[in-house]
Amino acid sequence: MDGTANALTGRGLALSFGGIEVLKGLDVEFRAGEITGLIGPNGAGKTSLFNCLTGAYRPQKGAITYLGHALDGLSPAARAGKGIVRSFQHVALSPDLSVLENVMIGVARNYHAGWLHAFLPTRRGTDEMAAMRAAAEGALSELGLAGLEHKLPSELPPGMLRLVEIARAIVGQPAVLLLDEPAAGLNNSETRDLMRTLRKLATSDLVMVVVEHDMDLVMSICDRIYVLNFGAIVACGSPQEVRANQEVVRIYLGDDDD
Amino acid sequence: MSKSSASIETMPGSASGNHARGWLAASGADYLLAAVLFALPFLIGGSWTFALGICFANSIGVLAVSVLVRYGGEVSIGHSFFAAVGAYAVAILDTRYGLSLVASLPLALVLGTVCGVAFAWPSRKLSGIYLAVSTMALALAVPELINNADWLTGGYEGLYVSQSVIPGVEASLQRYYAGLLALIAVVYGLRRLRHSRQGLTLLLAKQHPAAADAFGTRQVWARIAVMGISGGIGGVCGAILAFAGSTVSPSSFTFWTSIFLLVGSVVSFYGLSLTRALVGGAFLTLVPQFLSASGAWIPVLYGLALLGMILIGHYLPRIRSFLFASKGGA
Ligand SMILES: Nc1ncnc2c1ncn2[C@@H]1O[C@H](COP(=O)(O)OP(=O)(O)OP(=O)(O)O)[C@@H](O)[C@H]1O
Ligand SMILES: [Mg+2]
């Protein structure tokens, strides 16, 4: 299949805030069936690029397409309806909801029972909630969180909240999965488990993009990597190519060695 | 990203941390209280039965305000508007068409909801103090609107509500039980909402609008939904107020009515359980009755009672943990 058709692409994306250029007309192509890494120093514009892809930010220039269709006019909610889903760098769970309920929100977009079913004990409403609950329980156990369903977010350590955040993103069978620093706050064994889970998720029609500072994770699970610096793509290629790129070593990987 | 008004949430004894679970937990207290209230008219005098009927109506009004706080993170000082809509729906259907609460209560619910939605749309971008002040505009308009439409509303004189729901049953009992059943129905509906898909998404939208957006819940939808629910409950409050009080007049729906509904909501710490709603409703209805012998001192005593309630609520978690700690140590 043609790579560009089965992909999420951004062409000439430019975004600025009050004269500060955050994205400087960059081109990206995230292909289905691959895990794409997006790396770069703090403030490079990685989260901003995610925000453009999900519709939270409107780039001043450029076009975003998914499966060949333009997304530019669509609201974030409409893009979510197309299966474009993300996790947040700063965990964004509701403190009023249990872990399970927070994850259930990740499938809510696939259900449509009306208001009557919200207030009255109807069959349809009850069935829907049961289905949402089952899906959420599945996602939680996939991430090793079984048994924590009824905890409140305030009762869990940051690493686990991060995993709940990821569970919410993967639960609804997304078509595009944008993960913003999924391993931040995880310990080594949690990170290894997460890598295995992500690899397992990477089916032939899922577009997965991972923003991550953990180089081991990026280098070992990604098929392709984009390197972002000051809002521009400075390198793109396989993990080996990126690792060998002098520019990348200087601006980014080099930091670790110093 | 969280809204400025989210600070409401961290008010004393409310949803912060460990208390998040308690804010509408179905407690044994609710069931016990409901049982007692069902038996009460046979144990107390007629004037108390009447006062409790009004108290139930006010409790529903308190819930209307609390649901806006809980699910929308917003404060209203204009809910007398929705109550007036519900009350006049009941009174007008009663006097003009001879229809009882059976027909007019659903209409009050629908009209309140429609008004909530109609208000939410133009104000959808407002939040915090700006939204609160714009709800105030609603409250201020009510008495004037009623007086100007006196051909329909009876103006200053008001209207009588006299149709009975179940002919033959003593009127005072009808007023009491209609209020009680409506209150229980609202509490039940809100408990269902908390565990529904819409309820979950609204709670996320309140705290993290961007996250809710990313999972398919538009902020505008969330605002309109919450205002619709709140307005609908406000309409039910007015309907029961009209029926339980058997009369409606503009003086029942002033700006102060709105303020007191908010006060009741604060005193109940925005709780959506039967017990909490009744604490708020009782504060509105019964405290002034208790104080009515105190003449000029009423406002002062009322203020002290208010302060006392809020302080008790504030220190309750600490008092509770102190008691538990000393028990555990023994
Ligand atoms: N809403 C906004 N308003 C103003 N400036 C913004 C906004 N969002 C992002 N920026 C700016 O855009 C730049 C890129 O930020 P972004 O969060 O995309 O970086 P990042 O690559 O995700 O960094 P990190 O690794 O620290 O998460 C930063 O300088 C940031 O201050
Ligand atoms: Mg970032």
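FYI, side chains are in, hydrogens and waters are out, and symmetry mates aren't considered; it's all heavy atoms of this structure. Chain identifiers are assigned alphabetically (A, B, ...) following the order of the sequence lines, protein sequences preceding nucleic acid strands; residue numbering begins at 1 within each chain. All of these numbers come straight from a predicted model, not from anything done at the bench.
B/Ala225 and A/Trp115 get closest at one heavy-atom pair: CB-CZ2, 3.5 Å. Nearest heavy atoms, B/Ala214 versus A/Ala80: O-CB, 3.2 Å. Residues A/Ser75 and B/Arg218 come closest through the heavy atom pair OG-CD, 4.3 Å.
Of the two parts of A/Ala56, neither the backbone nor the side chain holds a non-hydrogen atom closer than 4.5 Å to a non-hydrogen atom of chain B. With a threshold of 4.5 angstrom between heavy atoms, A/Tyr111 approaches chain B through its backbone and through its side chain.
Ranked by heavy-atom pairs under 4.5 Å with chain B, the first of A/Gly81, A/Pro121, A/Gly125 is A/Pro121. Among A/Ala108, A/Gly106, A/Ser87, A/Gly55, the residue with the largest count of heavy-atom pairs under 4.5 Å with chain B is A/Ala108. The candidate with the highest count of non-hydrogen atom pairs below 4.5 Å against chain B, out of A/Met129, A/His90, A/Arg109, is A/Met129.
To the nearest 0.5 Å, atom CE of residue A/Met104 and atom NE2 of residue B/His195 are 10.0 Å apart. Taken to the nearest 0.5 Å, the CG atom of A/Leu120 stands 7.0 Å off from the OH atom of B/Tyr188. Between B/Asp213 atom CG and A/Arg79 atom CZ the span is 11.0 Å, to the nearest 0.5 Å. Rounding to the nearest 0.5 angstrom, the gap separating the CZ atom in A/Phe119 from the CZ atom in B/Arg191 is 14.5 Å. To the nearest 0.5 Å, atoms NZ (B/Lys206) and CG (A/Asp96) are separated by 4.5 Å. Atom CG of B/Leu204 is separated from atom CD1 of A/Ile105 by 4.5 Å, given to the nearest 0.5 angstrom.
For A/Glu137, the CD atom sits in a packed shell: over 12 heavy atoms of surrounding residues, nucleotides or ligands are nearer than 6.0 Å.
Remark: side-chain polar atoms of B/Gln198 are paired, donor with acceptor, to backbone N or O of A/Ala113 under 3.5 angstrom. A donor-acceptor pair under 3.5 Å links the side-chain atoms of B/His208 to the main chain of A/Leu93, judged by distance alone.
Considering only heavy atoms from C-beta on, B/Ser196 stays 4.5 Å or farther from A/His117 through its side chain. Side-chain contact between A/Thr122 and B/Arg192 is absent, with no heavy atoms from C-beta onward closer than 4.5 Å.
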